[in-house]
Amino acid sequence: MHVVLREVRDGDLPLLFAFMSDPAATRMAAFTSAEPANRAMFDAHWQRIRASDTVVIRTVLADGVVVGTAGVYGPPAEREVTYWIDRAHWGRGLATAALRALLESVPERPLLARAAADNAGSVRVLQKCGFTVTGRDRGYAEARGEETDELLFRLDARP
Ligand SMILES: CC(C)(COP(=O)(O)OP(=O)(O)OC[C@H]1O[C@@H](n2cnc3c(N)ncnc32)[C@H](O)[C@@H]1OP(=O)(O)O)[C@@H](O)C(=O)NCCC(=O)NCCS
């Protein structure tokens, strides 16, 4: 599949909302917004991040089809990557390809990442893209309603 990133368009939002409110996906991601199925909160959040000068947020296309998002956000010393793929397309290498494309288009380093410790797919995606584990954390995961272990990752500039 041919994976590319492009600017988010208004017409993507209904699809992105469907991907990001899917209970199986939010449970996997764990550290979501307080109400992932709340469309008004989603719209307000996306309006804010699309208008932000410091947030890089892209729609992921696979063979021209909208399949997810990838982005970078956070203050200068703690820039962090994020990505989300529609459950219908999991396990086909799309998150790995999307994160690689993001890393090529965003030169800033280091980049940080977090994943629920049991989110094996996300942990694997980060490792395939060169991120290494730097530590662990534990916090309240909204999508699970419980304290959850998290792994912290970092990608440095290539030597
Ligand atoms: C996590 C997520 C991005 C993965 O997307 P994807 O397109 O399926 O990922 P890829 O196919 O590129 O890679 C997944 C890798 O994890 C592996 N994997 C997936 N589930 C696994 C499991 N339960 N145990 C072990 N490995 C697993 C796959 O085998 C693959 O590795 P491989 O290429 O070495 O075989 C996707 O499931 C998703 O969007 N989930 C909901 C949102 C989320 O969790 N975002 C990340 C928040 S940190």
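Just so you know, ligand 1 is whichever comes first in the structure, and atom 1 is the first atom listed for that ligand.
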How about R138: does its CZ atom have over 12 heavy atoms from other parts shown lying under 6.0 Å from it? yes
Which protein heavy atom lies closest to atom 1 (C) of ligand 1, and at what distance to 0.1 Å? S122 N, 3.6 Å
Group every Ile, Leu, Val, Met, Phe, Trp and Tyr by side-chain heavy-atom contacts under 4.5 Å, then state whether I85 and F19 land in the same group. no
To check your reading of the model: name the closest protein heavy atom to atom 18 (N) of ligand 1, its residue, and the distance in Å. G121 CA, 3.8 Å
heavy-atom search around atom 31 (O) of ligand 1 in the protein gives R124 CG, 3.2 Å
min-distance protein heavy atom vs atom 21 (C) of ligand 1 -> A120 CB, 3.9 Å
Carboxylate-amine/guanidinium contact R58 D12, below 4.0 Å: no
Electrostatic pair D118:R144 at N-O distance under 4.0 angstrom: yes
For atom 8 (O) of ligand 1, which of the options G91, G93, A30 provides the nearest non-hydrogen atom? G91
Pairwise distance CE(M41) to NE2(H45) - rounded to 0.5 angstrom: 9.5 Å
Checking a contact table here: which protein heavy atom is nearest atom 33 (O) of ligand 1, and how many Å away? K128 NZ, 2.5 Å
Inspect the contact between D22 and R27 and indicate whether a charged nitrogen and a carboxylate oxygen are less than 4.0 angstrom apart. no
Enumerated ligand 1 atoms positioned under 4.0 Å from heavy atoms of A25: 41 (C)
Within a distance under 4.0 Å of any heavy atom of R114, pick out the atoms of ligand 1 and give their elements. 48 (S)
What protein heavy atom sits nearest atom 6 (P) of ligand 1, and how far off is it? A95 CB, 3.6 Å
Output the list of atoms in ligand 1 that are nearer than 4.0 Å to some heavy atom of A29, sorted by atom number. 42 (C), 43 (C), 44 (O)
Heavy-atom distance to atom 42 (C) of ligand 1: which of F153, W84, F31 wins? W84
For atom 38 (C) of ligand 1, grab the closest protein heavy atom and report residue, atom and distance to one decimal in Å. W90 NE1, 3.4 Å
Side chain, backbone, both or neither: which part of T96 has a heavy atom under 4.0 Å from ligand 1? both
Assess whether a salt bridge exists between E80 and R114, defined as any Lys/Arg side-chain N lying under 4.0 Å from an Asp/Glu carboxylate O. yes
Is atom 45 (N) of ligand 1 touching the protein, meaning some protein heavy atom lies under 4.0 Å away? yes
